[in-house]
Amino acid sequence: MHFRAFYSAAAIMLLPAIAPAQSNPVAAAFRENAKEAAKNLIAASEELPGDKYGFKPTPAQMSFGDIVGHLSQGNDYLCGNIGGMKAPARSKIPATATKAVMMARLKETFAFCDQALGGLTDAKLAEPLPWFDGSKKTRAWVMTATTADWADHYSQQAIYLRLNGKLPPTAKKP
């Protein structure tokens, strides 16, 4: 009986530490996905040499540098919207900028995502947020679209890397 009381008391004391992680599962999963996407997108951007940032498989496609610039702009808009935080005012970086400049900006925008998403909870998933076309979408919808967008751009980068004889980060053995 003594052990049962001890373990019950210990469980009750630990409940507040466990509850927050379980009370916002969607927000927690989104933050985890954002960190993983940042790791992969930054690593892929670092993998391609700077002189290849103008590479595009066909004339109609974005260059590798265009993708990096697009990600940077999108991160500020999307993470700011999702997290309810105003994005920092940044000058536009042309796709012809050096790799070092583009990498610095990409890292800055993912750091902003970490900051903006830090206080995200599941409480306002149904709240309407502005979307690129002027419509309103729920926060949950924008979060889902952002996850898909990061995956889409990572797959673009992975293809561009392979076309240049490089392995994408997730294809490398640990």
Side-chain angles (χ1 to χ4, degrees), residues 7-48 62 64-93 101-161 168-172 174:
Y7 287 118
S8 295
I12 290 170
M13 289 175 22
L14 289 174
L15 192 56
I18 296 168
Q22 294 175 348
S23 64
N24 292 295
V26 176
F30 185 74
R31 276 192 297 275
E32 185 178 327
N33 181 269
K35 287 185 186 308
E36 187 70 16
K39 180 184 82 170
N40 290 334
L41 288 162
I42 289 169
S45 299
E46 287 175 337
E47 184 68 27
L48 197 68
M62 295 171 78
F64 195 88
D66 288 331
I67 296 168
V68 175
H70 175 76
L71 280 164
S72 296
Q73 289 176 329
N75 285 348
D76 278 347
Y77 178 80
L78 293 165
C79 292
N81 249 352
I82 292 166
M85 183 179 284
K86 184 170 172 49
R90 303 183 206 268
S91 60
K92 186 173 179 173
I93 295 178
V101 168
M102 296 186 88
M103 288 300 307
R105 176 59 58 86
L106 185 62
K107 290 175 183 178
E108 285 174 2
T109 65
F110 273 116
F112 171 68
C113 283
D114 284 344
Q115 179 186 10
L117 302 175
L120 185 65
T121 70
D122 291 1
K124 297 181 180 178
L125 292 175
E127 182 179 17
L129 300 177
W131 189 242
F132 293 103
D133 64 2
S135 66
K136 297 278 187 179
K137 305 292 185 187
T138 66
R139 178 173 273 111
W141 191 97
V142 175
M143 290 164 65
T144 302
T146 300
T147 299
D149 190 56
W150 286 327
D152 179 48
H153 292 308
Y154 180 73
S155 70
Q156 280 180 293
Q157 286 185 319
I159 291 166
Y160 287 31
L161 286 168
T170 54
K172 295 180 178 180

request  = Search all heavy atoms of Ser155 against all heavy atoms of Asp152 and return the closest pair with its distance.
outcome  = OG-O, 2.7 Å

Closest non-hydrogen atom pair between Gly65 and Met102, with its separation = O-CE, 2.8 Å

Find out whether [X] and [Y] are in side-chain contact, i.e. whether some heavy atom of one side chain is under 4.5 Å from a heavy atom of the other.
{"X": "Val142", "Y": "Leu78", "value": "yes"}
{"X": "Met103", "Y": "Ile42", "value": "yes"}
{"X": "Tyr154", "Y": "Pro169", "value": "yes"}
{"X": "Phe64", "Y": "Gln156", "value": "no"}

Are the side chain of [X] and the backbone of [Y] linked by a donor-acceptor contact shorter than 3.5 Å?
{"X": "Asn40", "Y": "Thr170", "result": "no"}
{"X": "Asp122", "Y": "Val26", "result": "yes"}
{"X": "Asn75", "Y": "Thr109", "result": "no"}
{"X": "Arg139", "Y": "Lys124", "result": "yes"}

Going from [atom1] on [X] to [atom2] on [Y], what distance comes out if it is rounded to the nearest 0.5 angstrom?
{"X": "Leu106", "Y": "Ile67", "atom1": "CG", "atom2": "CD1", "answer": "11.5 Å"}
{"X": "Ser45", "Y": "Tyr160", "atom1": "OG", "atom2": "OH", "answer": "12.5 Å"}
{"X": "Cys79", "Y": "Asn81", "atom1": "SG", "atom2": "CG", "answer": "10.0 Å"}
{"X": "Leu41", "Y": "Trp150", "atom1": "CG", "atom2": "CH2", "answer": "8.5 Å"}
{"X": "Phe30", "Y": "Leu120", "atom1": "CZ", "atom2": "CG", "answer": "7.5 Å"}
{"X": "Ile82", "Y": "Thr146", "atom1": "CD1", "atom2": "OG1", "answer": "3.5 Å"}

Salt bridge (Lys or Arg N to Asp or Glu O under 4.0 Å) between Glu127 and Lys137, worked out = CA-CA 8 Å; Glu127 182 179 17; Lys137 305 292 185 187; over 6 Å; no

query = Would you call the rings of Trp141 and Trp131 parallel, tilted or perpendicular, where under 30° means parallel and over 60° means perpendicular?
reply = perpendicular

key: Parallel, tilted or perpendicular: ring planes of His70 versus His153, cut at 30 and 60 degrees   = perpendicular

request  = For the pair Phe112 and Met85, evaluate side-chain contact (heavy atoms from CB on, under 4.5 Å) and give the outcome as yes or no after the intermediate values.
outcome  = CA-CA 10 Å; Phe112 171 68; Met85 183 179 284; 3.7 Å; yes

query = Is there a side-chain contact (heavy atoms from CB on, under 4.5 Å) between Lys136 and Leu129 once you walk through the steps?
reply = CA-CA 5 Å; Lys136 297 278 187 179; Leu129 300 177; over 6 Å; no

query = Within a reach of under 6.0 Å around NZ of Lys172, are more than 12 heavy atoms found that belong to other residues, nucleotides or ligands?
reply = yes

query = Is the shortest distance from a Lys or Arg side-chain nitrogen in Arg31 or Glu36 to a carboxylate oxygen in the other one below 4.0 Å?
reply = no

query = Should Glu108 and Arg105 count as an ion pair when the cut-off is N to O under 4.0 Å?
reply = yes

key: Stepwise side-chain contact (heavy atoms from CB on, under 4.5 Å) check, Met143 with Leu125   = CA-CA 9 Å; Met143 290 164 65; Leu125 292 175; 3.7 Å; yes

key: Residues that Gln73 engages under side chain to side chain donor-acceptor pair (under 3.5 Å), provided they are two or more places apart   = none

